[in-house]
Amino acid sequence: MYFIDVILPIPLRQAFTYNVNKDEAGFLKPGMRVAVPFGKSKIYTGIVYAIHQNDPPTYETKSIDQILDETPIITATQLKHWEWMANYYMCTLGEVIRAALPSAFLLESETIITLRKDVEFDEGTLNDEEFVVFEALQNQSSLHINDIRNILDRTHVVGVIQNLIEKGVVTVQEELFEQYKPKLKRYLKLKAPFHEEASLRELLDELSRAPKQRNVLMTLFMLSATEKNVESVLLQKKADSTASVIKTLIDKGILEEYYLQKDRMEYTGDAPSEAKGLSPAQQVAFQEIEASFKETDITLLHGVTSSGKTEIYVKLMEEMLETGKQILYILPEIALTTQLISRLQHYFGKKVAVYHSKYSNNERVEVWQQALQQKQKAQIVIGARSALFLPFQNLGFVIVDEEHEPSFKQYNPAPRYHARDTVLVLAQLHKAKVLMGSATPSLESYYNAKDGKYGLVVLKERFGNVLMPEMELVDIRDKLKKKRMSGHFSDRLLEEMEEALQNKEQVILFQNRRGYSPIVECTTCGVSPQCPNCDVSLTYHQHKDQLRCHYCGYSMAMLISCLACGSETLDSKGFGTEQIEEELKELFPNHSVARMDQDTTKGKHAYAKLIERMEDKDIDILVGTQMLAKGLDFRDVSLVGVMNADNLLNFPDFRAHERSFQLLQQVAGRAGRTQKRGKVIIQSYNPYHQILRQVSTNDYEGMYKEQTEERYQFKYPPHYRIIKITVKHRNFSTMDKASKWFAEVLKMPLKEHVLGPVSPPVGRIRNEFITNILVKIPKENSLSRSKGYILKAQQRFLAVKEFSRVKLTVDVDNY
Ligand code: ADP
Ligand code: ZN
Ligand code: ZN
């Protein structure tokens with residue numbers, strides 16, 4: 001008898017054993033996929049983990065449905081890495097696998113299959129069964145695996161579907177994944193009614209009193225003679241006109257704007273071009289990195305904003321390409337912009353593959369196969385955190401850009417991993433070098449560098465001898481007293497804005513809150529409208545005149561009178577991006593204002609469009625949330641204004657100060673990236689706050705020293721490790737009892753290292769009550785022993801009947 005252990009993509013603690021025949025046992029290898037029955041009627045795709053002859057004593061094995069691969073799609077190194085993850089982050093290997101593989105690889109009974117509309121294919125390539133499924137999908141928009149079983153009248157259908165996926169006929173349904181086609185250019189054309197001779201002539205007559213507008217039209221005709229599509233930047237330049245004249249023409253309904261996109265997945269541009277030469281300072285940093293790699297495998301590059309870290313990465317990648325090894329460049333999702341991708345494709349052409357959660361399943365499967373087969377096409381993979389799951393065969397070099405970014409951490413669902421830390425382990429398995437880069441390194445990484453665990457290379461100079469922006473702190477309280485505030489703008493900010501705009505430079509304004517004003521409060525009784533499902537106040541969104549919950553998405557129409565006392569005295573407190581946008585439109589009616597936050601970047605391509613418009617100088621003032629801080633490189637931004645630094649500093653989190661420093665420095669870094677020195681104005685009620693001082697003098701070292709000392713006092717990383725246990729239940733007293741029980745059990749072995757349970761600032765979300773237990777483990781204590789205690793407590797907890805519906809999650813390094 002032969003058996004295989006299969007890992008199923010569900011939270012099972014162990015692999016599940018199936019029986020196979022001798023031929024199958026000979027054919028199968030670890031890392032291949034098999035379709036297997038599970039439970040009463042479920043089918044899963046699982047990964048073969050081991051092949052052996054030991055009959056499990058406790059249950060009767062079933063046989064597998066089908067073998068899905070001819071060769072493993074997962075490497076031995078990947079399995080090792082994922083086992084480390086499961087172990088370290090205290091989850092199951094199945095959960096890691098679910099996060100790691102594109103869902104097209106993991107067909108299961110619940111999977112929904114749909115026809116692809118975006119590709120053409122030759123029906124002649126389908127065999128009979130495939131054709132039957134294809135036909136069925138012409139009549140029904142989607143099918144479940146069980147439907148397909150009925151249609152084909154057989155049980156083992158996963159293989160057929162897998163073939164259809166590979167042939168590009170079907171895809172598995174996923175959340176709406178927008179195709180990531182970022183390169184959008186804005187074009188202009190004459191609106192349809194004016195295509196008629198007569199109406200056109202009339203229009204030109206009419207515009208004789210508006211020579212500037214007329215000139216734009218005449219230029220458009222001239223350009224149309226040679227260009228099929230006329231790009232708006234080109235038109236503006238050739239007509240020697242301005243964005244506002246063009247905007248007037250659009251507003252009047254004379255011109256129409258449209259966007260065209262180039263598919264960036266497949267690079268079709270010019271042949272790759274030479275990288276730029278490094279500046280002397282960059283050259284020094286480059287050499288120091290190379291020297292550092294001779295000593296250690298991990299190096300931290302602390303390079304100020306706009307120092308040209310990307311150019312250094314490019315140079316290092318060029319060298320690494322020669323060795324034939326694979327390169328992984330990971331960065332936060334939101335920083336994965338067209339700007340960067342096209343820069344890299346410019347140098348490396350088709351060798352660059354992009355791996356991104358916004359890509360469709362089929363595209364991700366393609367990159368997966370390329371990495372597995374070590375295709376040249378994907379010798380460099382650039383991607384967000386999920387790219388670290390790719391089946392690299394021969395990884396030589398990893399870059400972690402914007403290493404400090406909080407979004408490298410996945411909070412939900414498990415695995416609750418930190419991509420930076422996880423990729424370090426991956427690199428170690430491959431004996432690859434890692435370069436982490438940031439203008440504002442995380443305290444942990446800097447600590448490790450100081451400690452000698454990582455190499456450290458510092459680049460203090462901006463590229464092109466551009467000076468770091470000049471920082472000015474403005475005291476809002478003082479300005480209010482002296483009546484020098486217009487709305488949320490101080491006189492200083494307004495003066496600087498006017499000057500910048502006059503010089504045709506762009507302005508970025510940062511406000512850490514989206515929406516119009518975070519909360520609405522009754523000035524009579526002091527009550528704020530609350531979300532019915534969560535313990536938070538609702539937020540006012542002016543655009544739709546709605547109150548919304550940022551936690552669960554609940555929304556209601558804005559109230560006219562207070563629900564508590566009935567007075568019509570609801571007032572908005574605080575302020576968000578939307579309100580600033582409104583104020584700006586009043587203050588600067590002749591300038592174009594745009595907003596970048598979660599609400600304005602939801603739509604298809606909305607984010608890319610904003611960046612494009614900014615590059616085209618179609619926007620004079622951009623207001624936004626922290627999205628602005630993510631490595632954007634605009635040439636003509638000379639002024640950055642921080643509307644209010646206080647809400648950042650007062651955030652209830654042990655990292656609030658570090659994060660504020662990072663965010664403010666990064667936002668400031670958007671200013672003055674070319675010749676002219678940029679200016680940053682930070683408005684605050686508390687301009688003497690230590691962090692603001694440190695931001696304004698670029699004093700990273702000072703911040704680091706102070707913060708690490710504070711962390712030591714209050715027992716936080718990097719001196720202590722934290723594991724957070726969260727307990728949730730719909731019933732408060734059950735939750736309360738369960739969390740106290742768990743904390744008690746943990747306190748027996750872990751004693752004073754266990755804190756809580758305490759409820760978080762928002763103690764109820766989506767009708768579930770929440771509480772947290774923190775375990776703080778000193779660096780010198782054994783982490784794995786502490787985890788062992790938690791696991792044991794968890795096992796006992798699961799056995800308590802009363803707690804069977806209580807949700808318990810464990811988050812290792814929860815920050
Ligand atoms: P960082 O990532 O450190 O903030 P970037 O890599 O975005 O900085 O570089 C800032 C700007 O300077 C970019 O527009 C980049 O093209 C330019 N730049 C940097 N280094 C060079 C170089 N060696 N030659 C030409 N331009 C450079
Ligand atoms: Zn809510
Ligand atoms: Zn009231």
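Counting starts at 1 for both ligands and their atoms, following the listed order. Below, each value reflects all heavy atoms present in this structure, side chains not excepted, and no hydrogens, waters or symmetry copies.
When only modelled atom types and interatomic distance are considered, S438 and E402 share no side-chain donor-acceptor pair under 3.5 Å. Between the side chains of R805 and T734, no donor N or O sits under 3.5 Å from an acceptor N or O.
Within ligand 1, counting atoms from 1 as listed, the ones closer than 4.0 Å to a heavy atom of G277 are 22 (C), 23 (N), 24 (N). For ligand 1 and S306, the ligand atoms under 4.0 Å from any heavy atom of the residue are 1 (P), 3 (O), 4 (O), 8 (O), 10 (C). Ligand 1 places these atoms under 4.0 Å from at least one heavy atom of T305: 4 (O).
Between the CG atom of L648 and the CD atom of Q662 there is a distance of 11.5 Å, given to the nearest 0.5 Å. The CE atom of M468 sits 11.5 Å away from atom CD of E461, with the distance rounded to the nearest 0.5 Å.
A salt bridge links R343 to E311: one of the charged nitrogens lies within less than 4.0 Å of a carboxylate oxygen. Ionic pairing of D616 and K237 is not present here: no N-O contact between side-chain nitrogen and carboxylate oxygen is shorter than 4.0 angstrom. Between R613 and D618, at least one side-chain nitrogen of the basic residue sits less than 4.0 Å from a carboxylate oxygen of the acidic one, meeting the salt-bridge criterion. A salt bridge is absent between E231 and R186; no separation between the charged side-chain nitrogens and carboxylate oxygens falls under 4.0 Å. Contact check on E768 versus R730 returns no salt bridge, with no Lys/Arg side-chain nitrogen under 4.0 Å from an Asp/Glu carboxylate oxygen.
For Y704, the side chain to side chain contact (heavy atoms under 4.5 Å, CB included) test picks out L443, Y446, Y447, K450, Y700, T708, with sequence neighbours left out.
The set of protein atoms (N, O or S) found at less than 2.8 Å from the Zn ion (ligand 2) reads C531 SG, C534 SG, C549 SG, C552 SG, by chain and number.
For a threshold of 3.5 Å applied to N or O pairs, the pair formed by F463 and ligand 1 contains no separation below that value.
At a 4.0 Å cut-off, at least one heavy atom of S307 sits close enough to ligand 1 to count as contact. Note on ligand 1: R462 sits outside its first shell, no heavy atom being nearer than 4.0 Å.
Closest to atom 8 (O) of ligand 1 by heavy atom, among A439, G308, S279, is G308.
Contacts of T310 with ligand 1, taken as heavy-atom pairs under 4.0 Å, involve both backbone and side chain.
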